[in-house]
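Scroll down for the structure; my scribbles are underneath it.
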Amino acid sequence: MNFEDIKNDEQQYMMHTYGRFQTAIVSGKGATAKDAEGKEYIDFTSGIGVNCLGYCDEGWVKAVSAQAAAVQHISNLYYSPLQTEVSKKLCELTGMDKVFLCNSGAEANECAIKIARKYSFDKYGKGRQKILTLVNSFHGRTVTTLAATGQDVFHNFFFPFTEGFEYVTANDIKDLEAKAGDDVCAVFIELVQGEGGVMPLSQEFVDAAARLCGEKDMLLMVDEVQTGISRTGTVYCYEQYGIKPDVITSAKGLGGGLPIGACICNEKLGNVMTPGTHGTTFGGNPVACAAAKEVLSRVTAPGFLAEVCKKGDYIRQKLSSMQNVKEVRGKGMMIGIVTEKDNAKEIAAKCVENGLLILTAKDLLRLLPPLNISYEEIDKGLEILSGLMAE
């Protein structure tokens, strides 16, 4: 099928929930994708941070193929060695105690919300169910995670939204302290707000949140759906802030292209969720777990994190010298570019026309390249971007 056929079928048969770029990707290798007409693209998106090892990595393909040939699904009524291997590895990497495996970041965040409210209910009873999140945050698209998301644009159409969330201005310690009342059970934050514009939190604010949570027995929960799996230069971003969360949520890059999420909690929360209080049909699927096992072994291999940091610095340095660049921000290989001309969406569309896949967030360009992207691919993509930025 050519692009026009694919586009026409999409218009006829699919709900119009996405504003798509004008290309249909059919194959890829490394950080290079190919569309239905055979045109090649350098991919600075990795499927919105999912394809952390790029397209069709040999080790990833081998692990997934072998597991698909053995057993593809068994349900959570039975023990699964791959589930336990992935969970053990996540606990070892984080120093946490227990893991719930699911299918997405939104599901991992739903689990975190349920843990916070049940922990508080079990210990303090009713009336202590509020969760503080941040203005400009994004936690998912279910009705509850939309309610947790601190952006008014998402709080429409789907009334009534789940109650029990209040929004704190990011990096405003006084606002946090004022809202951390006796009815609050948790503070839930992204350390770098991804969909909110690649906005890192300040060390002082994160320290204040950790201190308040410790003093008031509120859970400190960190949404690492986009920042985790070595994206920001450490396995999880919280490591760079020197804090120890009670709960971490993870997804996107965890499966390297297959749907898997994880809610990871510390020892005091390990037994909060009991049989019947939570569950999933597909969560911890053996094929997805095989992918996650391969990803975790690769992104924690000696030297991998150093290369992520090196490549991130290289990209930021090159971006800073381009025309029309007002600011470059982010951590590791999670990068935002504020343009002088405020024309990020226009540039992103032109990038596709010229063989580069790139993201936007709010009013800026956003880069989430595969973590193992080659320097040749980086340079090729930046050359395209530089030319368009200069127009």
Checklist entry - Would Q226 and E190 satisfy side chain to side chain contact (heavy atoms under 4.5 Å, CB included), going step by step from the backbone distance to the final call? => result CA-CA 9 Å; Q226 192 167 140; E190 302 162 279; 6.0 Å; no
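- Looking at T142 and T145, their side chains do bring a donor and an acceptor atom within 3.5 Å of each other.
- Residues N51 and D57 bring no donor and acceptor atom of their side chains to less than 3.5 Å of each other.
- In the model, Y79 has no side-chain atom that pairs as donor or acceptor with a side-chain atom of T84 under 3.5 Å.
- In terms of heavy atoms, G105 sits closest to A251 at N-CB, 3.4 Å.
- Taking the six-membered ring where the residue is Trp, H278 and F100 present tilted rings, their angle falling between 30° and 60°.
- Around atom NZ of K318, no more than 12 heavy atoms belonging to other residues, nucleotides or ligands sit under 6.0 Å away.
- Geometrically, K130 does not engage F165 in a cation-pi contact, judged by NZ or CZ lying under 6.0 Å from the ring centre and within 45° of the ring axis.
- Between the side chains of T232 and Q240, at least one donor N or O lies within less than 3.5 Å of an accepting N or O.
- Ring planes of Y236 and Y238: parallel class, angle under 30° (limits at 30 and 60°).
- With Y18 as the aromatic partner, R20 does not meet the cation-pi criteria of under 6.0 angstrom to the ring centre and within 45 degrees of the ring axis.
- The backbone N or O of I189 sits nowhere less than 3.5 Å from a side-chain atom of D223 that would complete a donor-acceptor pair.
- For K268 and D217, the salt-bridge test passes: some basic side-chain N is under 4.0 Å from an acidic carboxylate O.
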Checklist entry - Run the side chain to side chain contact (heavy atoms under 4.5 Å, CB included) check on C111 and I115 step by step: do they pass? => result CA-CA 6 Å; C111 183; I115 287 173; 3.9 Å; yes
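- More than 12 heavy atoms of other residues, nucleotides or ligands sit less than 6.0 Å from atom OH of Y314.
- A 6.0 Å sphere centred on CD of Q317 holds no more than 12 heavy atoms belonging to other residues, nucleotides or ligands.
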Checklist entry - K114 and M273: side chain to side chain contact (heavy atoms under 4.5 Å, CB included), yes or no, with the steps? => result CA-CA 8 Å; K114 290 177 74 172; M273 304 305 280; 4.1 Å; yes
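- Look at K118 and D122 and you find a salt bridge, because one of the NZ, NE, NH1 or NH2 atoms lies within 4.0 Å of a carboxylate O, short of that distance.
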